[in-house]
Amino acid sequence: MGRRALSLDRPIVMGILNVTPDSFSDGGRFRHAGPALARAREMVAAGAELLDVGGESTRPGAAEVGVEEEMGRVLPVIEAVRAELDVAVSVDTRKAAVARAALRAGAEVVNDVSALADPAMAAAVAGSGAGLVLMHMRGTPATMQSHAAYADVAGEVAAELAGPLERARAAGIAEERIVLDPGIGFAKTAEQNLELIARLGVLARVGYPLLLGASRKAFIGGILGGIPADERDAGTAGACVAGLARGARIFRVHDVRTARHALDVAWSILRIPGEAP
Ligand code: HH2
């Protein structure tokens, strides 16, 4: 994507850089370019190959942010990161106007949690040469938790990404620029999140690399006795390793160092062909 290629023959860690006042685990901490850049340096040193800059929280029930406000949050951070660090930057946005401006500022991937809900998004990405993450969600962050009824969660997630995939291809986005994401926590219950990770193979069979965004999410707290978001990094590493074993290759996390260590050790083992017990 953009000016570079990322090899997926080993796990890639995508570090989360939320420049929002209200994200569920790190809201407000990296809102300004100075602290955000310091965090970016730390994540690159810890082994992140992609940094995901987001200016709008998508936690359940989060308030929507206007285009100008979102640009004002993400553009200075993208520019500062690209000026100093040799790392790929993705912009986490649902708005084509924000994506366009972010790509001009140096981002090389658009991470769209709405999978092209904005009708202008596919063209914005196509013209730029950027990579595209298509994530599964139903409804919007404000309404999604009322849409978590599935007969077969893995099959339905795969089927519901077919429409956005077709639109991406029709707009001229080359296959090797596209990544799919099951959308952990987006219109899914805790049980459905677990089943989706366990059955990632169903989504892998669609034929694109998979990104997993489990970091610090509520289902991890639920398994671990209700611990708060900032204590869920070891649990997150467990989810990443399980996802790696079932076919994910890109991992969107807050704590890059912990995920990097867990994934590197797990990958050193999992790449050796094994036998079922
Ligand atoms: N999850 C969040 C945001 N963006 N993008 C992708 N591709 N996959 C995800 O699972 C995903 C995502 C939500 O997490 P976070 O950024 O930590 O919180 P918030 O939305 O409150 O900023």
Side-chain angles (χ1 to χ4, degrees), residues 1 12-31 36 39 43 48 50-65 69-70 73-74 77 88-95 98-99 102 107 109-117 121 125 130-138 140-142 144-145 157 161 164 168 178-188 190 192-194 196-197 200 203 208-221 228-230 232-233 235-236 239-240 243 248-256 259:
M1 72 280 167
I12 299 282
V13 176
M14 172 195 248
I16 301 173
L17 198 49
N18 282 324
V19 280
T20 52
D22 58 343
S23 286
F24 78 93
S25 89
D26 55 0
R29 285 186 59 201
F30 310 112
R31 208 175 158 183
R39 176 68 165 174
M43 291 196 291
L50 250 177
L51 297 183
D52 190 38
V53 179
E56 179 184 53
S57 173
T58 47
R59 75 191 146 73
E64 292 213 9
V65 174
E69 172 74 25
E70 196 178 327
R73 292 177 183 180
V74 299
V77 173
V89 171
S90 60
V91 61
D92 186 345
T93 187
R94 295 181 284 156
K95 301 184 185 78
V98 176
V109 179
V110 174
N111 173 23
D112 182 1
V113 301
S114 73
L116 307 181
M121 184 64 102
V125 177
L132 175 65
V133 179
L134 293 173
M135 195 199 79
H136 178 270
M137 162 163 64
R138 285 177 176 175
T140 65
M144 62 188 177
Q145 288 316 99
V157 163
L161 282 170
I178 300 174
V179 166
L180 300 182
D181 180 336
I184 300 299
F186 288 83
K188 282 101 188 172
Q192 289 161 349
N193 290 324
L194 299 178
L196 261 177
I197 299 173
L200 270 181
L203 190 54
Y208 295 83
L210 301 185
L211 187 154
L212 187 68
S215 192
R216 298 184 181 172
K217 286 184 178 171
F219 77 97
I220 294 174
D230 63 357
R232 296 177 192 159
D233 292 324
T236 297
C240 290
R249 284 294 174 271
I250 307 174
F251 301 86
R252 182 183 181 277
V253 297
H254 298 87
D255 178 357
V256 170

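All ligand and atom numbering here is 1-based and tracks the order in the structure. Just so you know, these numbers come straight off a predicted model, no measurement behind them. All values below come from the heavy atoms of this structure, side chains included, with hydrogens, waters and symmetry mates left out. Quick note: residue numbers are just sequence positions, from 1.
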Should one rank [options] by closest heavy-atom distance to [atom], which comes out on top?
atom	options	result
atom 9 (C) of ligand 1	K217, M137, R94, R216	K217
atom 5 (N) of ligand 1	D52, T20, N111	N111
atom 14 (O) of ligand 1	R252, R59, M14, H136	R252

State whether [X] and [Y] are salt-bridged, where the test is any N-O pair (Lys NZ or Arg NE/NH1/NH2 against Asp/Glu carboxylate O) under 4.0 Å.
X	Y	answer
R252	D52	yes
R216	D230	no
R73	E56	no

To which protein heavy atom is [atom] closest, and what is the distance rounded to 0.1 Å?
atom	value
atom 6 (C) of ligand 1	D181 OD2, 3.1 Å
atom 4 (N) of ligand 1	D92 OD2, 2.8 Å
atom 21 (O) of ligand 1	S57 OG, 2.7 Å
atom 22 (O) of ligand 1	S23 OG, 2.4 Å

Just to be sure I read this right, does ligand 1 sit under 4.0 Å from the backbone of T58, its side chain, both, or neither, counting only heavy atoms?
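Both the backbone and the side chain of T58 come within reach of ligand 1.
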Compute the shortest N/O to N/O distance between G213 and ligand 1 and return yes if it is under 3.5 Å, no if not.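 In this structure, G213 places an N or O atom under 3.5 Å from an N or O of ligand 1.
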Quiz prompt | Residue pair P182 / L200, side-chain heavy-atom distance below 4.5 Å | solution =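 Yes. Closest side-chain heavy atoms under 4.5 Å.
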Close side-chain approach of L194 to F219, heavy-atom, < 4.5 Å:
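The answer is yes, as the side chains (C-beta and beyond) meet within the 4.5 Å cut-off.
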Below 4.0 angstrom from a heavy atom of H254, which ligand 1 atoms are there? Numbered from 1 as shown, please.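 Counting from 1, the qualifying ligand atoms are 17 (O).
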**Report entry** Numbered atoms and elements of ligand 1 in range of V113, under 4.0 angstrom, heavy atoms
**Finding:**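 Near V113, the atoms of ligand 1 are 4 (N), 5 (N), 12 (C).
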Q | Under 3.5 Å side-chain donor-acceptor pair for T20 and N18 | A |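 No, N18 and T20 have no side-chain donor paired with an acceptor closer than 3.5 Å.
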query = With sequence neighbours excluded, what pairs up with A218 under the side-chain contact (heavy atoms from CB on, under 4.5 Å) test?
reply =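 A218 satisfies side-chain contact (heavy atoms from CB on, under 4.5 Å) with no residue once adjacent residues are dropped.
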